[in-house]
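Before any comments, here is the structure.
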There are 2 protein chains.
Amino acid sequence: MKTPARRGRGTRGLSRDEVLDATLDLAEERGLDAVSMRGVADRLGVTPMALYRYVGDKQGLLDGLVERLITELPDDDPGLPWQDRLRALGAGIREVARRHPQVFLLLFMRPTVTEEARRARDTVQALLRSAGVPEDVVPPLQRLLDTIGMGLAASEANGRFSGDAADVDRVYDLAEDLLLTAIERYARE
Amino acid sequence: MKTPARRGRGTRGLSRDEVLDATLDLAEERGLDAVSMRGVADRLGVTPMALYRYVGDKQGLLDGLVERLITELPDDDPGLPWQDRLRALGAGIREVARRHPQVFLLLFMRPTVTEEARRARDTVQALLRSAGVPEDVVPPLQRLLDTIGMGLAASEANGRFSGDAADVDRVYDLAEDLLLTAIERYARE
DNA sequence: ACCTGAACACCGTTCAAGT
DNA sequence: ACCTGAACACCGTTCAAGT
């Protein structure tokens, strides 16, 4: 094993961010199954029990991972036309899923009521409003958009879409066409 | 330890179906995390190693679970109008996800190239064809439909949609409206 | 406050052995 | 052919202890 990064002297000086960084690296390199308290601790040159102070328990560690994934999404630029903003968001989700295919599935597993998740949700809702979607349609349509984006990204990243790259692109094009049309339709009503 | 359920005499007479039944029961009662080779074996009154003959390994056990889930989907009735068939399929997926919220997520995790999965895919494609969707749009649209149905069902079943039941129904209504409209549009072109 | 060490009750899986 | 028993290398987590 490589020399452990010994930044702190004596008292190790660990941090929640440091723990989550190590976890995400581990997940990316060796898959979600390799993410264990012991594995993460090894990577930090520390005892497994040292992690409990920063992430609570294993579930807390996974929650932290999801938090990080949402943070990796691109920032929204409200100055652009809403169509471009939507496409940018979709591309962002797709990239995150490609980078962390296994971790990405955790997004489906819990309510995600964290601050970061709230921000992501508000971004999409603001986008829909500026497209002219009536207020009562905004929340359900946002949930539908989220689900479609996450579902496509998760399917592609985990190999559920077998065919070649062109076939997969075709599905995304179809989804984009379908959603833009739908939003425009709701905006007119 | 409690007295083992000694149904067979001497040779136990286990079967793959019996193993998967026990696994699905265990998953439904105590969650996917409780599904272990040892746990399933206990439930069958057998040693963990006895399972390896029927499911290969733990991954094979999970694959078998996914297989079972797909089998629980309702049969398609080609005699009905395609709109009704689509709605029935959606309702079926929703029910399966509600019954097995955690196991359902496994559907996103692998290509699902089994015979059962192929049958389900062909059903949707046949449905689209009978709706008049042109041949080159059928495969990508089927993948999109699958993803949306599975994504919504997974989200609802795992509590990602917080709000009350009416809010969740609203998302499904929106999805249905959007999809029926899109299919009709493609069918006309 | 922050980290360690030992211990407990679990895992999946291999391998040799029993019938 | 089908199942068992013992063993190995792992888990998450608690609890008392060190500094």
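Residue numbering restarts at 1 for every chain, and letters A, B, ... go by the order of the sequence lines.
What separates OH of Y52(A) from P of dT14(D) is a distance of 7 Å, to the nearest Å. Note: CZ (R30(B)) to P (dC10(C)) measures 10 Å, nearest angstrom. Rounded to whole Å, the distance from CG on L44(A) to C1' on dT4(C) is 15 Å. A straight line from CG of L61(A) to P of dG12(D) spans 9 Å, rounded to a whole angstrom. Rounded to an integer number of Å, the gap from L14(B) CG to dT4(D) P is 9 Å. Following rounding to the nearest Å, K58(B) (NZ) and dC10(D) (P) show an atom-to-atom distance of 17 Å. Across the protein-nucleic acid pair, Q59(B) atom CD and dC11(C) atom P stand 18 Å apart, rounded to whole Å. The CD atom of E18(B) sits 13 Å away from the C1' atom of dC2(D) (whole-angstrom rounding).
For dC3(C), one of the phosphate oxygens OP1 or OP2 lies less than 4.0 angstrom from a side-chain nitrogen or oxygen of Y54(A). A close approach under 4.0 Å does not occur between any side-chain nitrogen or oxygen of T47(A) and OP1 or OP2 of dC3(C).
In this structure dA6(D) sits in a base pair with dT14(C), meeting the Watson-Crick or G-U test at under 3.5 Å. Applying the Watson-Crick and G-U wobble criteria (two distances, each under 3.5 Å), dT19(D) pairs with dA1(C).
Distances were taken from every side-chain heavy atom of R38(B) (C-beta onward) to each of dA7(C), dA6(C), dA7(D); the shortest belongs to dA7(D). Considering only the side chain of V46(A), dT4(C) comes nearest among dC3(D), dC11(D), dT4(C). Comparing dT14(D), dC3(C), dA6(D) against the side chain of A50(A) picks out dC3(C) as the nearest. Side-chain proximity of D57(A) to the nucleotides dT13(D), dG12(C), dC2(C) is greatest for dT13(D).
Of the charged side-chain nitrogens involved, none lies within less than 4.0 Å of a carboxylate oxygen, so that R98(B) and E95(B) do not count as a salt-bridged pair. Note on D122(A) versus R118(A): salt bridge recorded, some NZ/NE/NH1/NH2 to OD/OE distance being below 4.0 Å.
Between the side chains of R121(B) and T112(B), no donor N or O sits under 3.5 Å from an acceptor N or O. Donor-acceptor pairing under 3.5 Å is lacking for the side chains of R68(A) and T23(A).
Although no hydrogens or angles enter the test, the distance criterion places no donor-acceptor pair under 3.5 Å between the side chain of T47(A) and the main chain of M49(A).
Among the atoms of the strands shown, only primed sugar atoms or phosphate atoms (P, OP1, OP2) are found under 4.0 Å from some heavy atom of M37(B).
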